[in-house]
Novice: 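Here it is, the structure, as C-alpha cells.
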Amino acid sequence: MDYKKTLNLPQTSFPMKANLSKREPEILAKWDESRLYDLLRKRGKGRQTYILHDGPPYANGHIHLGTALNKILKDMIIKSRQMSGLDAIYVPGWDCHGLPIEHQVDKELGERKQSMTQVEIRRHCRRYAERFIDIQRQEFKRLGVLGEWENPYLTMAYPYEASIARELGRFFSRGGVIRSKKPIYWCSSCQTALAEAEVEYHDHVSPSIYVKFPLQAEEQARYPELAVKPASVLIWTTTPWTLPANLAITLHPDFAYVAVDVGGEIWIVAEGLLESCMKAFAIQDYTVVKTFQASHLQGLKCRHPFLERDSVLILGGHVTLEAGTGCVHTAPGHGREDYDMALEYGLDVYSPVDDNGRFTRDVDFFAGQYVFDANRNVTAKLKEVGRLILEKEISHSYPHCWRCKQPVIFRATEQWFISMDKNDLRKNTLDWIERVEWIPSWGKERIRNMIANRPDWCISRQRSWGVPITVFTCKGCGELLATPEVFDHVVALFEKEGADIWFELTAQELLPPGAACTNCGGSDFEKEKDILDVWFDSGTSYAAVLEQRPYLSFPADMYLEGSDQHRGWFHSSLLAAVGTRGMAPYRSVLTHGFVVDGQGYKMSKSLGNVIAPGEIIDKYGAEILRLWVAAEDYRDDIRISPDILKRLSEAYRRIRNTTRFLLGNLNDFDPHRHAVPYEQMEELDRFALHQLQDLVKKIRSAYDRFEFHRVYHALHNYCVVDLSAFYLDILKDRLYISSAASKVRRSAQTVLYEIVTALLKLMAPVLSFTAEEAWLYLPGSRGESVHLEDFPEENPALRDAELNDRWQTILALRSDVSRALEAARQTKIIGHPLDAKVSVALPESVQQMLNGSEELLRSVFIVSQVELRSAAELSGGVEGVEVVGAKIEVSVATGEKCERCWVHSESVGTFKEDATLCDRCHNILNPA
RNA sequence: GGGCCUAUAGCUCAGAUGCGGUUAGAGCGCACGCCUGAUAAGCGUGAGGUCGGAAGUUCAACUCUUCCUAGGCCCA
C-alpha cells in the first residue's frame, strides 16, 4: 500500500516561482481597478493624518535608481504609517519649470526658436514637461508606489503658478525682497545671461600679464624696510579688461608674503610663489627684505595702476599657489569669488560693461570698447604707465556660450534677492532648525551651517520657462510697484490663465485699473523681465499643495529626500515658510544617501557602472528593487551590484517559499471552524506564538523608526531560523502524520494561520506585491487587500515567559544534539536523523525541567527515540556546548522504520493488517 | 580647499537608553554532508573578521581624541 496517500502533505496553488516581472503588472491592474488608493483613504477616514509631503522630481528624463529609491522609501513609510493606524495621505508632485527643460526644448527647436515668441517657447516647455510627467508617473506606479496619481501637484498648473506669485507677494509686502547686483555669465554676442549649465569650457588663448599695484606712500611708511624704495603688490591676470573694475587684491589668510628688493624697487608676492615669479621675470638678483603674515597686510591700500582709485588688500581662502603671485586681482563685478569677497568686505559690485560687452561711458581710456578688444589696450596702457612687468599668452580652459560658441564674460547685473537679514530671516530660520526633527540627526548640523553662512537668496533668472517676478517699475521715476493690490490682481489672472498671461499682456493690461506710482503718481509702467528661481517654485509647495488641498494641512509631518536637498528643497522650503509663515513647513526631515555601485563609487556613464531601474524590474521584478531599498541602511550611501541583487532575490525566494509552505499546510484549515483555543494548544505551538510576538514587536518598532533594514533582517531571519529550520521542520511530523482533523494538527494550523497572517501584514509595506498575492490564498474570510489591513498588535496574552525559558533551554540542547547527530553522520552511523536514537544525560537543573519530556524532545530533535539517562550510563558521547554539562550519545534507533511516518519503532511489524506500520500510524489509520 | 557623513567577516546588517570592561554576533553566500513526503525545495556541520590605517588617552577601545587613507553629498 502507498501510505503517502494517507498523509496530509502541503498543497497550494500559490506558486513557488514568483515570475514577478509578469505578475506585478497584473497586481497593479487589480489595484487600479479596485481603486485601492481611494479605499485606503476611506479606511483612514477619521484617523489622525500623516502627511509625507512629496518633494517634486524634475519632469525631465526617465527615473533612475535614485528617484526609485526615494519613491519606494516614501511608499514604505506611507504604507507602514497607514497600517499603524494613521491616515497616511500621499500626493505626488512634479517640478516643471526651469532651465533643463528650456534647454532641452531649445535643442529640439534649434534655429526655429529665434523667430518664436516667449509664449510659444513656453508652450513647448509645458508640453515637454507633460510628456515626462506621464512617463515618470508610469515608472513610479510600476514600482508599486500607491498615491494620488490621477491628481498630482504640478508646479506649472495654473493655481500653482498663482500660488507662487502670491507667496512672492508675501515676501515683497514684508520688505523681504531687495534688488542688488550680482555677476552672472553673459554672452555678449547673444546678449543673454547664461546659466552654469549653458556654459561649455573650451581652450582659449588669453593674455597673461603681471601687473604692479603700487603701495600707497603712507602705508609704505609703516614698514621701514619698505620705505626706501617704491613698493608694489604684484598681481597676475588673464583678463586685463577686468582691471578697470579692480577694487581689491585678495591674499590668502594663511600664506606668508614676502617683500623682495629687485634692485630699483620692492615687490610683494606670496612666499610660495616667489621663485616661480622671479624665474618668469628672469630676475636672478633679489633679496627678501621682509616676510609678512597675510593678516598684517589686510586693509593696506594700493593705488590702481592707471586710475585715480585705491585697491585694498583683503583676505580670501580661494587664493591658491598654483599660479600667479598669490595676490589676486579682485573685480567684484566680474567674478564669482570676487563677488563673494565684495559681500564680505562691503565693496561695490562694480561692472562697467553693457549688454554688448562694451565698456560704459564712465570708464576712462576705454569707454565704448568691446572688452575682448580692450585687452590689448589695457596692456598698452599698463606699459605706458610703467606698471606692466611681463606679458605672455596662455592657452587655458575658458567658458564659452553653448549656443554661439563665443567666449563669455562675467558681468554683474541687477537681480532680485530675498534678504537673509530683513525680518531676521536668518536668525528665525536657525531657530526653527532646532525645532525640527532631523533624521539622521546630523542633518541639523548640515543645514544649520548652510543657513548660517549663505548669502542672500538670488531669486532672479534671466530665462523664459518659469513664473515671472510679478512687479512693475514706473517709467517716469523708476520707482518699484509691488503692492499687495498689484500682486492680488496678477495672482487672480494667473489662476485663470496661468503665468503665460504675463508674457501675453502689456504692463498696463496686467495692472489693476487705476494703478499709479506711489512716488510720482505716474501710470506708465514696465513689467519685470526676470523669472523666479525654480527653487522658489518647489520651495513654496506647502502653500500650493498643503494649504490648498482641504484634506492636507500645514506643516507636513515629514519631508523625505536625498541628502543633497539640504541645499535644495529642504533649504528653500524652510526659508520660504519661515519668511512668510514664521515657521518651518515640516515637523521632521528624513534624508537618505546616494546610490553607489558595489565598490562604493558613484554611478557614472564614464565608469560604466550605471544600472537602470528598468533592467532590474525586467530581470527580477520591482519587488526585488523594493527589497533592496528596505535591506540597505539608507542613512549611508546605498550600494547596488549584480551580486547584491542576486543575494536579495535569493532571500526573496526564501521568504516566498516559507510563505508558500505555510499556505500549503493551511489548505484544509478554516480558522473559524478549526481554530484551537490557546490553552488547549501544544506547548511548542504556544512557544511559536511567543516568538511571533517578538517578531511583531521588533518589526513594528523598526517601522516606527523608519529602520527598514531591520524590518528586512527580522523578516528574513524569522523565516529562516525560527520557522524553516525550527518550528516548521519539527511540525512536519505532526502536520503530515496526524489525522487531518486531529486536535494536535489543528493546534499547529491555528498557529500557522496566525503566523502567515501576521507575516503578510508585516511584509506588506516592503513586499507589497507578494504580500498582496499571497493574501488571496489565505483561508477563511479576509479583507480585499492586505494594504487595507492594520499591522498585528503585539499581544501580551500570547507571551509566556516561563515557557520561553524552558524552550530556550530546549533550543540550546537541540543545537548540541544536532552537532552530535552530525558527528554520527560523518562516521556513517546514521544518515537521516530518524535513523537515530539519542541518549542524553543532563545537568541537574535541566534534568528536572525536562524530566518526562522524552516524546517532546524526540519530536523536537526529529529523531526516532530519545532517552534521558544519567552521565554514568553513557559510555561515550559528545559534550554539550550550549548546555554545559550535558552529554549526548547517538546510536542506531531500535526497531524497524515505519513505512508511513519513517520513525523507527519496535512496534513496527506487530500489526497483522499494517505489517510495516508503527503503533501510532496504525491507530491513526484505524480509528477506534 | 571648506561643511556634513561613512568605513565591523565575500555580501547585507547587529553590536543595549548617543558619556569605553569577559573569547566581536546574525543571516546570506561558500565548503562538506544529509534528505528526496516544502523538491528548480528542505535540514545539519564547518571555515571566514589584527572591527579602513597610524598614533594617543586609559588598568582597559570596535566603542573616546588626533592625524592619514578611501568613498559619498553639498559648496568653493
Side-chain angles (χ1 to χ4, degrees), chain A residues 2-12 16-17 252 254 316-320 336-337 340 440-450 452-454 562-568 571 591-603 627-628 630-633 635-641 643-648 650-651 653-654 656-665 707 709-710 712-721 723-726 728-733 735-737 814-815 817-826 828 830-835 862 900-902:
Chain A
D2 184 6
Y3 289 109
K4 186 169 170 178
K5 292 199 177 99
T6 70
L7 299 174
N8 315 298
L9 294 177
Q11 220 178 342
T12 176
M16 179 184 291
K17 196 163 180 314
H252 195 288
D254 301 333
H318 63 279
V319 177
T320 71
R336 266 305 278 283
E337 284 137 346
D340 291 337
S441 55
W442 48 257
K444 174 158 80 175
E445 197 64 20
R446 186 162 175 184
I447 198 165
R448 190 205 284 139
N449 286 332
M450 288 181 185
N453 297 313
R454 69 155 298 149
S563 62
D564 58 332
Q565 297 303 322
H566 286 102
R567 171 61 74 181
H571 194 106
T591 44
H592 59 255
F594 274 65
V595 180
V596 295
D597 72 11
Q599 270 84 286
Y601 290 94
K602 70 164 146 193
M603 296 201 162
L627 198 58
W628 165 70
E632 302 269 330
D633 184 351
R635 290 168 291 203
D636 195 0
D637 291 324
I638 303 119
R639 295 188 181 210
I640 195 162
S641 66
D643 182 56
I644 290 171
L645 287 167
K646 197 177 139 221
R647 201 64 41 73
L648 282 167
E650 279 161 7
R653 280 214 303 271
R654 188 59 184 251
R656 183 183 179 93
N657 230 255
T658 306
T659 306
R660 179 168 184 265
F661 184 77
L662 292 168
L663 292 172
N665 282 104
E707 294 174 341
H709 62 282
R710 287 181 188 268
Y712 162 76
H713 278 281
L715 203 61
H716 187 241
N717 244 32
Y718 182 72
C719 286
V720 172
V721 180
L723 292 183
S724 203
F726 174 66
L728 301 182
D729 205 28
I730 294 167
L731 231 44
K732 283 174 197 167
D733 180 88
L735 288 166
Y736 300 171
I737 309 302
R814 184 175 191 257
S815 156
V817 168
S818 35
R819 203 169 297 114
L821 288 169
E822 180 65 22
R825 200 175 290 133
Q826 294 300 326
K828 306 286 182 203
I830 57 160
H832 191 103
L834 284 176
D835 298 341
I862 318 182
R900 182 165 178 275
C901 71
W902 295 349

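Side-chain atoms are counted along with the backbone in the values below, which use heavy atoms only and exclude waters and symmetry mates. Since we're looking at a predicted model, the values are computed, not measured. To find a chain, count down the sequence lines: A is the first, B the second, and so on, and within it residues start at 1.
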Novice: Counting only side-chain N and O atoms of A:Y736, is one of them less than 4.0 Å from OP1 or OP2 of B:rG37?
Specialist: no
Novice: Please check the phosphate of B:rA38 (OP1 and OP2 only) for any side-chain N or O of A:R656 closer than 4.0 Å.
Specialist: no
Novice: Across the strands shown, which category fits A:L715 at heavy-atom distances under 4.0 angstrom: base, sugar-phosphate, nothing?
Specialist: nothing
Novice: Got a donor-acceptor pair under 3.5 Å from the side chain of A:T12 to the base of B:rA38?
Specialist: no
Novice: Please report the distance separating the P of B:rU23 from the corresponding atom of B:rA60, rounded so that it comes out in whole Å.
Specialist: 15 Å
Novice: Want to settle it: does A:V720 or A:P833 sit nearer the 5' end of RNA chain B, counting the closest nucleotide to each?
Specialist: A:V720
Novice: Can you find a side chain N or O atom of A:R660 that sits less than 4.0 Å from OP1 or OP2 on B:rU39?
Specialist: yes
Novice: Please measure how far the C1' atom in B:rC5 lies from the corresponding atom in B:rG49, and state the result in whole Å.
Specialist: 24 Å
Novice: Taking any heavy-atom pair under 4.0 Å as a contact, classify A:E337: base, sugar-phosphate, or nothing.
Specialist: sugar-phosphate
Novice: Strictly below 4.0 Å: does A:S818 bring a side-chain N or O up to OP1 or OP2 of B:rU45?
Specialist: yes
Novice: Does A:R653 have a side-chain nitrogen or oxygen under 4.0 Å from the phosphate oxygens OP1 or OP2 of B:rA41?
Specialist: yes
Novice: Between A:K732 and B:rG37, is there a side-chain N or O to OP1/OP2 distance below 4.0 Å?
Specialist: no
Novice: Determine, for nucleotides 6-15 of chain B in 5'-to-3' order, which nucleotides have protein heavy atoms under 4.0 Å from the base (write B), from only the sugar-phosphate (write S), or from neither (write -).
Specialist: S---BBBSSS
Novice: Would you measure the distance from the P atom in B:rG18 across to the matching atom in B:rC11 and give it in whole Å?
Specialist: 31 Å
Novice: What dot-bracket string describes RNA chain B from 5' to 3', counting Watson-Crick and G-U wobble pairs whose defining distances are under 3.5 Å, with [ ] for crossing pairs and | for pairs to another strand?
Specialist: (((((((..((((.......[...)))).(((((.......))))).....(((((..]....)))))))))))).
Novice: Under 4.0 Å between a side-chain N or O of A:K4 and OP1 or OP2 of B:rG37?
Specialist: yes
Novice: A:E445 has a side chain; which of B:rC4, B:rG27, B:rC75 sits nearest to it?
Specialist: B:rC4
Novice: Counting just side-chain N and O atoms, does A:R819 come under 4.0 Å of either OP1 or OP2 of B:rG46?
Specialist: yes
